[in-house]
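Comments concern the structure below.
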Amino acid sequence: MRRGVVGWLCPSLSRFRSPMTVRTRFAPSPTGYMHIGGMRTALFNWLWARHNNGTFILRIDDTDEERNMESALGPILQAFRWLDLTWDEGPEIGGPHGPYFQSQRKPLYAAAAERLLAEGKAYRDFETPEQIKADREAADKEKRPYINIRRSLELSPAEIERLVAEGKPSVVRFLVPRDRTIAIDDAVRGHVEWNGALIPDPVIVRTNGVPLYNFASVVDDVAMEITHVIRSEEHLTNTAVQALIFEALGASFPVFAHLPYVAAPASKEKLSKRKLDQYRKNPSFKKMFDRGDSVFPKIGLGGQGGLDPVMVEYYEKIGYLPDAIVNALARLGWSLDDHTEIMSRQTIIENFTLDRVVKNPAGLDPDKLFSFQSHWMSALPAAMKDDGCIPYLVKAGLIALQADGTVAPDVRLFVGKVVAALGDRLKLFSDILDASYFFTETLEYDEKNFQKRVAKEGVPALMREFRARLAETEDWSPTNLEAVLNAFATEKNEPAATFIHALRLCVTGQSVGPGVYDCAALVGKDRSLARIDAALARLG
RNA sequence: GGCCCCAUCGUCUAGUCAGGCCUAGGACACCGGAUUUUCGAUCCGAUAACCGGGGUUCGAAUCCCCGUGGGGUCACCA
């Protein structure tokens, strides 16, 4: 079934296949955040649609509760916008198969349920929850698989009518054929089949008239002419029932493709928001949490800002690049070949096929994600780096916007110089905050290294002299500063490193960063001298 | 527990369908070295895997069977 073997073994088949365009969908429920694993599933749907010049649909699964949609759906749509995964039909833009909110499609589900009822493919079940529970327990006790006893099936039409008239609560159940097997040919898992005799009759419409996911989803997939149902593996078991519903509705199957779920780093367990506390202890995940702890408070998001690495929003807020996330997500459970890792969006679209989806779960690897980020950041044009960093500096109060909300040209120019000096050291946009010393006189000193490099025997005296030499220096360019420092070191018969390290600590407060001459040049002569004074003053 | 899925370096994976080109390739991480005023970047190098057992075959990571392990799912959630 893999590699589209069927297609070329039976070329005649393709003549009967309508030239229907590929239509995929992602159907999130409005939970208030976008799960990174869900995003991977959405991405694969999007990729498959784009690869085939097809249509990608966003459909909102809000059958369950109609809470404040605005705040619950907003972050999800934002995640799609941020990653630039455009949808062709769905919220905000509509489309020919709308509405795209399940809460607005209730008449469609009701009609479909009525039809199944009328055709005897579903039945009204008056069984009480207590009775069902008792049946289940009895089955458990006898160690036999539970399936519905279907007492309500004995009822005559007249009795059913009476019970409904009396207002007796009931649900609609799909009547699972127990005399056959159900089989699908999954695009990633191959042939999978189930024994109908083992499947309980699923509720398709609740007592309150609201349809259930399994049912609504199929009704919508049929109505929206979905050709490929690409979703996470945890739905594989559901597929038996859904396939049956497709049949009952007189529709042909879409192609099913069950992706392995995204697992927690270095594990085979599904990545879950409920296990966040556990993840904090995970060494590779810990780095991400730590980064959030350090960055979010600085940009006005208290603590973790309600964000964590399970959410797509976390990566946006901490300054990842959409291309890096897309690249990393695409490589999670899919590969192009035996060596290609770095892929542009276009490359991925061109090469993405379902038959190269891996079958076993893939653990999210924060290290690898970060390495993709490093690559894409280094490939980003300078002006775009500046654009990405500026919001962080603004939010952290390190630069101010003008009254019209724009950045003053000289500020922008300076930011550009800092970003250039940082070079490859800037991996995330938020990394600009590690270079706050270019923007404020309130330095944070790395005490340990300050003691080691500045407060060391003999160094303060040398630095006082060096400070005087610097004060006489007119040409404050990095090259000249280097020449001055080297000459002075030779004069004093000291290694240049003594002055290099001490100067860095004095001017930036830190022991790491861009070249020390670049730092001094960026800080400027007056401020550099003042900082040396301040540092020496700290020695008391 | 029933049903279903899965199983290659620490991690992501190539190779499995069409058995030999695999003394198993790549990437990330880790470790070592070079370079560098720091960090980073870069370059070089090293360590590291076919879950186990039976078959089939001249030959098995690849096919078959049986185990084992991991995971998913068993709602009037999605």
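Only heavy atoms go into these numbers, but all of them, side chains included; no hydrogens, no water, no symmetry mates. In the text below, chain A, chain B and the rest are named by the order of the sequence lines, each starting its count at 1.
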Mind listing the residues from residues 419-437 of chain A sitting with a heavy atom below 4.0 Å of RNA chain B? Number order is fine. A:Asp424, A:Arg425, A:Lys427
What distance, rounded to whole Å, do you find between the two C1' atoms, one in B:U57 and one in B:C63? 10 Å
Counting the atoms with a prime plus P, OP1 and OP2 as sugar-phosphate, which does A:Ser511 contact under 4.0 Å by heavy atoms, base, sugar-phosphate, or nothing? base
Heavy atoms from C-beta onward define the side chain here; which of B:C76, B:U37, B:U13 lies closest to that of A:Ala362? B:U13
Pair partner, B:U11 [Watson-Crick or wobble, under 3.5 Å]: B:A27
In terms of side-chain geometry, is the basic nitrogen of A:Arg136 or A:Asp140 positioned less than 4.0 Å from the acidic oxygen of its partner? no
Using the P atom in both, what is the distance from B:C50 to B:A7, to the nearest Å? 16 Å
5' priority, RNA chain B, between A:Pro260 and A:Ile132 [closest heavy atom]: A:Pro260
Which part of the nucleic acid does A:Pro514 contact within heavy-atom distance under 4.0 Å: base, sugar-phosphate only, or nothing? base
With sequence neighbours left out, the residues meeting salt bridge (charged side-chain N to carboxylate O under 4.0 Å, His left out) with A:Glu341 are A:Arg331, A:Lys368
From the options B:A14, B:A29, B:G71, select the nucleotide whose nearest atom is closest to the side chain of A:Glu269. B:G71
Look up atom CD1 in A:Ile60 and atom CD in A:Gln102, then write down how far apart they are to the nearest 0.5 Å. 9.0 Å
Considering every strand and a 4.0 Å limit on heavy-atom distances, what is the contact class for A:Gly513: base, sugar-phosphate, or nothing? base
Could A:Asp446 and A:Lys452 be called an ion pair, given the rule that one side-chain N must be under 4.0 Å from one carboxylate O? no
Between B:G72, B:A78, B:U37, spot the one nearest the side chain of A:Arg206, thanks. B:A78
Of the nucleotides B:G71, B:C4, B:U37, which has the atom closest to the A:Tyr517 side chain? B:U37
Taking only nitrogen or oxygen atoms into account, show me every contact under 3.5 Å that the protein makes with nucleotides 24-26 of chain B, one pair per line with its distance.
{"unit_1": "B:G25", "atom_1": "N2", "unit_2": "A:Asp338", "atom_2": "O", "d": "2.9"}
{"unit_1": "B:G26", "atom_1": "N2", "unit_2": "A:Glu341", "atom_2": "OE2", "d": "2.9"}

Would you call A:Asp221 and A:Arg59 a salt bridge, using N to O less than 4.0 angstrom? yes
Classify the nucleic acid contact of A:Asn449 as base, sugar-phosphate or nothing, counting any heavy atom under 4.0 Å across all strands shown. nothing
Sugar-phosphate, base or nothing in reach of A:Pro495, heavy atoms under 4.0 Å: nothing
Those residues that, when tested against A:Phe450, pass ring pair (Phe, Tyr, Trp, His ring centres under 6.0 Å) (two or more places apart): A:Tyr445
Identity of whatever pairs with B:G2 - Watson-Crick or G-U, under 3.5 angstrom: B:U73
Side-chain H-bond candidate by donor/acceptor type, A:Ser511 with A:Asn449, under 3.5 Å: yes
Looking only at B:A78, B:C5, B:U38, the nucleotide nearest the A:Leu236 side chain is B:C5
Sugar-phosphate only, base, or nothing, as touched by A:Leu332 at under 4.0 Å among non-hydrogen atoms: sugar-phosphate
If you measure from the P atom in B:A46 to the same atom in B:G55, how many Å do you get, rounded? 38 Å
At less than 4.0 Å, is any side-chain N or O atom of A:Arg136 found next to OP1 or OP2 of B:A75? Yes or no. yes
Options B:C6, B:U37, B:A29, nucleotide nearest the side-chain atoms of A:Asn360: B:C6
In whole Å, what separates the C1' atom of B:C12 from that of B:C30? 15 Å
Checking contacts here: which listed nucleotide (B:C5, B:G71, B:U37) is nearest the side-chain heavy atoms of A:Ile500? B:U37
Anything under 3.5 Å between a protein N or O and an N or O of nucleotides 42-49 of chain B, put it in a table, one pair a line.
none

Only one of A:Arg150, A:Lys121, A:Arg124 passes salt bridge (Lys or Arg N to Asp or Glu O under 4.0 Å) with A:Asp201, and that residue is A:Arg150
For A:Tyr315, ring pair (Phe, Tyr, Trp, His ring centres under 6.0 Å) partners two or more places apart: A:Tyr320
To the side chain of A:Pro129, which of B:A29, B:C6, B:C76 is closest? B:C76
Tell me, please, which residues at least two apart from A:Tyr213 pass ring pair (Phe, Tyr, Trp, His ring centres under 6.0 Å). A:His235
For B:C51, the nucleotide meeting Watson-Crick or G-U wobble distances (both under 3.5 Å) is B:G67
A:Lys385: which residues meet the side-chain contact (heavy atoms from CB on, under 4.5 Å) condition with it, sequence neighbours left out? A:Met377, A:Leu380, A:Val419, A:Leu426
Quick one: look up who B:C17 pairs with, Watson-Crick or G-U, both distances under 3.5 Å, and put none if it's unpaired. none
Can you give me the closest heavy-atom contact between A:Val326 and A:Leu43, atom names plus distance? O-CD2, 3.8 Å
Contacts to RNA chain B from residues 141-151 of chain A, heavy-atom cutoff under 4.0 Å, which residues? none
Set of residues satisfying ring pair (Phe, Tyr, Trp, His ring centres under 6.0 Å) with respect to A:Trp87, sequence neighbours excluded: none
For A:Arg274, enumerate each residue passing the salt bridge (charged side-chain N to carboxylate O under 4.0 Å, His left out) test, keeping only those at least two apart in sequence or located in another chain. none
Are the side chain of A:Arg356 and the backbone N or O of A:Leu336 linked by a donor-acceptor pair below 3.5 Å? yes
For B:U37, what is the paired nucleotide under Watson-Crick or G-U wobble rules, both distances under 3.5 Å? none
When the aromatic ring centroids of A:Phe352 and A:Trp334 are compared, is their separation below 6.0 Å? yes
Counterpart residues, side-chain contact (heavy atoms from CB on, under 4.5 Å), relative to A:Ile342 (two or more places apart): A:Asn327, A:Phe372, A:His375, A:Trp376
With rounding to whole Å, what would you report as the distance between B:G52 and B:A61 at their P atoms? 11 Å
Starting at the 5' end of RNA chain B, which residue's closest nucleotide do you reach first, A:Val205 or A:Lys268? A:Lys268
Base, sugar-phosphate, or nothing for A:Val203, non-hydrogen atoms under 4.0 angstrom? sugar-phosphate
Under 4.0 Å, counting only non-hydrogen atoms across every strand here, what does A:His258 touch: a base, just sugar-phosphate, or nothing? nothing
In the strands shown, is B:A61 matched to any nucleotide by a Watson-Crick or G-U wobble pair with both distances under 3.5 Å, and which? none
Could you tell me whether the side chain of A:Thr207 has a donor or acceptor atom within less than 3.5 Å of a complementary atom in the base of B:C76? yes
Taking OP1 and OP2 of B:G15, is either one under 4.0 Å from a side-chain nitrogen or oxygen of A:Arg356? yes
Which part of the nucleic acid, if any, lies within contact of A:Arg453, taking any heavy atom under 4.0 Å across all strands shown: a base, the sugar-phosphate backbone alone, or nothing? nothing
Please work out which of the three classes, parallel, tilted or perpendicular, describes the rings of A:Phe253 and A:Phe256, given edges at 30° and 60°. perpendicular
By the 4.0 Å heavy-atom rule, please label A:Glu193 as base, sugar-phosphate, or nothing. sugar-phosphate
Kindly point out which of B:C6, B:A78, B:G72 is positioned nearest to the side chain of A:Thr237? B:G72
Using atom C1' of each nucleotide, how far apart are B:C22 and B:G59 to the nearest Å? 13 Å
